[in-house]
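Shown next, in structure tokens, is the structure this report addresses.
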Amino acid sequence: MDVSMSFSQDMDDEYEKLIRRMNPPRVVIDNDSSKNATVIRVDSANEYGILLEVVQILTDLNLTITKAYISSDGGWFMDVFNVTDQDGNKVTDEVVLDFIQKSLGPEACFSTSMRTVGVIPSTDSTVIELTGCDRPGLLSELTAVLTHLKCSVLNAEVWTHNTRAAAVMQVTDDSTGCAISDPERLSRIKNLLRNVLKGSNTPREAKTVLSHGEVHTDRRLHQMMFEDRDYEHRAVDDDSSIQDERQRPDVCVDNWLDKDYSVVTVRCKDRPKLLFDTVCTLTDMQYVVFHGSVDTEGTEAYQEYYVRHIDGSPVKSEAEKQRVIQCLEAAINRRVSEGLKLELCTTDRVGLLSNVTRIFRENSLTVTRAEVKTKGGKALNTFYVSDASGYSIDAKTIDSIRQTIGQTILKVKNNPEEQQQQRQKQHSQESPTRFLFGGLFKSKSFVNFGLVRSYS
């Protein structure tokens with residue numbers, strides 16, 4: 001039976017390769033038709049997960065997707081993306097444009113090209129995945145254990161959401177600078193980190209996974225928190241509940257019975273990587289996006305998807321509908337950066353991350369999100385911190401921390417009070433939820449309903 005299944009899988013792979021050879025992907029990059037953005041059109045044979053992989057490649061290049069039009073009904077995938085660079089300008093860098101062509105065009109194989117950007121190659125390092133209950137000082141405790149075990153953190157990303165925490169860390173041996181391969185040492189690292197995660201005595205299981213394979217950090221963090229069920233509502237105090245309600249994305253799910261689609265609409269504050277986060281979650285929940293539209297207006301983003309489950313059915317029950325809504329809300333909120341943003345840039349050294357997070361903890365600051373990078377012997381770290389007691393962060397506390405770490409090394413990048421005022425102002429400016437794809441099924445192609453011009 002195993003031989004039969006293997007033969008069937010091989011036949012499927014060969015069939016997919018044949019379809020690709022007969023219908024090679026085509027990418028058109030246009031810097032003329034839009035005044036404010038570069039327009040990228042991708043046509044290819046359709047396959048499950050292709051939308052996420054295309055969005056992932058564009059997102060990993062730090063491009064901002066301001067508009068998108070998605071159509072993958074039937075055997076063909078045809079999407080249009082309006083993108084800008086991080087400064088809001090058209091993409092003119094020839095290296096980036098050439099990479100897009102090679103990654104999405106005829107030379108591409110989506111299952112491997114996605115690994116060239118945004119993926120940690122870990123042949124020379126060990127990848128540690130952690131999930132558990134969040135608490136003040138958790139990152140400080142974890143990094144202290146790693147320092148004690150003579151592990152150097154090269155790269156790491158930490159997310160917290162809804163009392164849960166997840167982290168993906170790339171570490172090496174202090175003395176050799178290589179991956180840790182000794183089974184006994186790996187087992188000890190795993191057990192000690194799990195003990196730290198269990199320290200809050202929560203009934204929820206803490207998980208520690210060590211590997212040497214490649215991993216796409218953002219994708220894994222979404223998967224880890226989804227598996228950890230961070231989308232489930234938990235009991236919180238009244239003040240936190242009111243604050244969460246203000247920040248809650250507007251997610252709706254309705255069935256279009258005539259077409260056997262479920263229509264998923266999302267309205268929330270726009271931010272980088274928003275499209276990746278929602279498409280990633282729909283894919284991980286095994287929903288296929290057949291049509292969609294994404295638009296940004298000022299600081300708000302609107303997304304609309306026409307989806308079916310991978311089994312071909314729309315959302316079947318109220319319970320399934322609520323689960324889709326909760327999971328999309330969680331996907332959006334995981335990366336929302338609340339608190340004070342601190343950026344650290346200095347020469348990397350053993351124990352640096354442990355020392356910095358210890359100073360945060362000793363000053364009653366908790367890390368809500370972190371991105372740790374090392375490049376050319378430099379540590380480039382970003383921390384989002386808040387007061388562990390829930391109060392506003394005292395400016396004197398930040399001054400004291402900066403004096404301890406170094407005024408030129410640690411810099412403050414935003415003001416939480418100003419951000420709160422902006423959020424309240426944006427919340428008061430309501431705009432109606434609307435379907436962006438009204439006449440979609442009356443048209444035969446994107447060109448017919450005027451979304452983009454013909455490239456033929």
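Just so we're clear, the structure is a prediction, and the values are computed from it rather than from any experiment. Numbers here are sequence positions counted from 1.
- A distance-only check finds no donor-acceptor pair linking the side chain of K269 to the backbone of P249 [under 3.5 Å].
- For the pair L344/L410, a side-chain contact is recorded, criterion being any heavy-atom separation below 4.5 Å from C-beta on.
- For the pair V385 and I393, the tightest heavy-atom approach, listed with the atom from each and the gap, is O-CD1, 3.6 Å.
- Inter-residue side-chain proximity for Y384 and L342 is flagged as unmet; no heavy-atom pair is nearer than 4.5 Å.
- For the 3.5 Å distance criterion, the side chains of T38 and N31 qualify, holding a donor opposite an acceptor.
- Closest non-hydrogen pair, C327 versus F226, comes out as SG-CE1, 3.6 Å.
- Each of H222, H216, Q223 was compared with R220 under the side chain to side chain contact (heavy atoms under 4.5 Å, CB included) criterion, and only Q223 meets it.
- For the atom pair CG of N155 and CD of Q170, the computed distance is 4.5 Å after rounding to the nearest 0.5 Å.
- Side-chain atoms of V215 and E129, non-hydrogen and from C-beta on, do get closer than 4.5 Å to each other.
- Distance check: I100 CD1 to I40 CD1 gives 4.0 Å after rounding to the nearest 0.5 Å.
- Residues K273 and D218 are paired through a salt bridge, judged by an N-O separation under 4.0 Å between the basic side chain and the carboxylate.
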Requested in this report: Given side-chain contact (heavy atoms from CB on, under 4.5 Å), test N381 with V356 step by step and report yes or no.
Outcome: CA-CA 10 Å; N381 302 343; V356 170; 6.0 Å; no
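- Inter-residue side-chain proximity for I332 and R271 is flagged as met; some heavy-atom pair is nearer than 4.5 Å.
- At distances below 3.5 Å, at least one donor-acceptor pair connects side-chain atoms of D93 with backbone N or O atoms of V95.
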Requested in this report: Evaluate side-chain hydrogen bond (donor to acceptor under 3.5 Å, both in side chains) for D284 paired with T281, printing each intermediate quantity in order.
Outcome: CA-CA 5 Å; D284 288 340; T281 298; 5.8 Å; no
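- Exactly one of L274, L328, V279 qualifies for a side chain to side chain contact (heavy atoms under 4.5 Å, CB included) with Q303. That residue is L274.
- With hydrogens and angles ignored, the 3.5 Å screen pairs a side-chain donor or acceptor of N333 with a backbone N or O of E329.
- In plain terms, the two heavy atoms of P136 and T366 that are nearest each other are CA-OG1, 3.6 Å.
- Taking each heavy atom of P272 and R335 in turn, the nearest pair found is O-CD, 4.4 Å.
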Report task. Begin with the C-alpha distance, continue with both residues' side-chain angles, and end with the deciding distance and a verdict on salt bridge (Lys or Arg N to Asp or Glu O under 4.0 Å) for K67 and D295. Result -> CA-CA 5 Å; K67 294 181 186 292; D295 194 12; 2.5 Å; yes
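- Here the closest non-hydrogen pair linking Q86 and N62 is CG-O, 3.4 Å.
- Seen from the ring of Y261, R308 counts as a face-on cation partner, given the 6.0 Å and 45° thresholds.
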Requested in this report: In sequence, state the C-alpha distance, the side-chain angles, and the governing distance for R41 and D79, and then conclude on salt bridge (Lys or Arg N to Asp or Glu O under 4.0 Å).
Outcome: CA-CA 6 Å; R41 174 178 167 180; D79 287 10; over 6 Å; no
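- Between V91 and V83, the closest side-chain pair of non-hydrogen atoms falls below 4.5 Å.
- In terms of heavy atoms, L275 sits closest to T278 at O-OG1, 3.1 Å.
- Using a distance-only test at 3.5 Å, with no hydrogens or angles considered, a donor-acceptor pair links the side chain of N255 to the main chain of V315.
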Report task. Please test E157 against R369 for side-chain contact (heavy atoms from CB on, under 4.5 Å), starting from the C-alpha separation and ending with a verdict. Result -> CA-CA 8 Å; E157 190 142 355; R369 193 160 75 87; 4.0 Å; yes
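- Separating the OG atom in S44 from the CH2 atom in W76 is a distance of 6.0 Å, to the nearest 0.5 Å.
- Between the side chain of N162 and the main chain of R164, no donor-acceptor pair closer than 3.5 Å is present.
- Donor-acceptor pairing under 3.5 Å is lacking for the side chains of S386 and T368.
- Under a 3.5 Å cut-off, the side chain of Y48 and the backbone N or O of T283 do form a donor-acceptor pair.
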Query raised in the report: Could you go step by step and tell me if L365 and F383 meet the side-chain contact (heavy atoms from CB on, under 4.5 Å) rule?
Result: CA-CA 11 Å; L365 297 185; F383 304 97; over 6 Å; no
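- Note: K341 NZ to T382 OG1 = 5.5 Å, rounded to the nearest 0.5 Å.
- Looking only at distances, a side-chain donor or acceptor of T374 sits under 3.5 Å from a matching main-chain atom of L154.
- For D311 (side chain) and S313 (main-chain N/O), a donor-acceptor pair under 3.5 Å exists by modelled atom type.
- Within the 4.5 Å cutoff, side-chain heavy atoms of T84 are placed close to those of T64.
- To the nearest 0.5 Å, atom SG of residue C280 and atom CG of residue L51 are 11.0 Å apart.
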Requested in this report: Could you give me the CA-CA distance, side-chain angles and deciding distance for T172 and T126, then say whether side-chain contact (heavy atoms from CB on, under 4.5 Å) is met?
Outcome: CA-CA 6 Å; T172 58; T126 302; over 6 Å; no
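- Annotation: the span from D270 atom CG to T66 atom OG1 amounts to 9.0 Å, rounded to 0.5 Å.
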Requested in this report: Apply side-chain hydrogen bond (donor to acceptor under 3.5 Å, both in side chains) to E304 and S293, showing your working.
Outcome: CA-CA 5 Å; E304 182 176 276; S293 179; over 6 Å; no
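- By the 4.5 Å heavy-atom criterion applied to side chains, E141 and R135 are counted as neighbours.
- In terms of modelled atom types and a separation under 3.5 Å, the side chain of D254 and the main chain of V264 share no donor-acceptor contact.
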Report task. Would you please test E371 and K373 for salt bridge (Lys or Arg N to Asp or Glu O under 4.0 Å) and show each step? Result -> CA-CA 7 Å; E371 184 175 347; K373 294 181 180 180; 3.1 Å; yes
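- Counting heavy atoms from C-beta on, the side chains of H309 and V288 never come closer than 4.5 Å.
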Requested in this report: Go through R323 and E320 one step at a time and tell me if the salt bridge (Lys or Arg N to Asp or Glu O under 4.0 Å) criterion holds.
Outcome: CA-CA 5 Å; R323 186 167 181 263; E320 183 182 356; over 6 Å; no
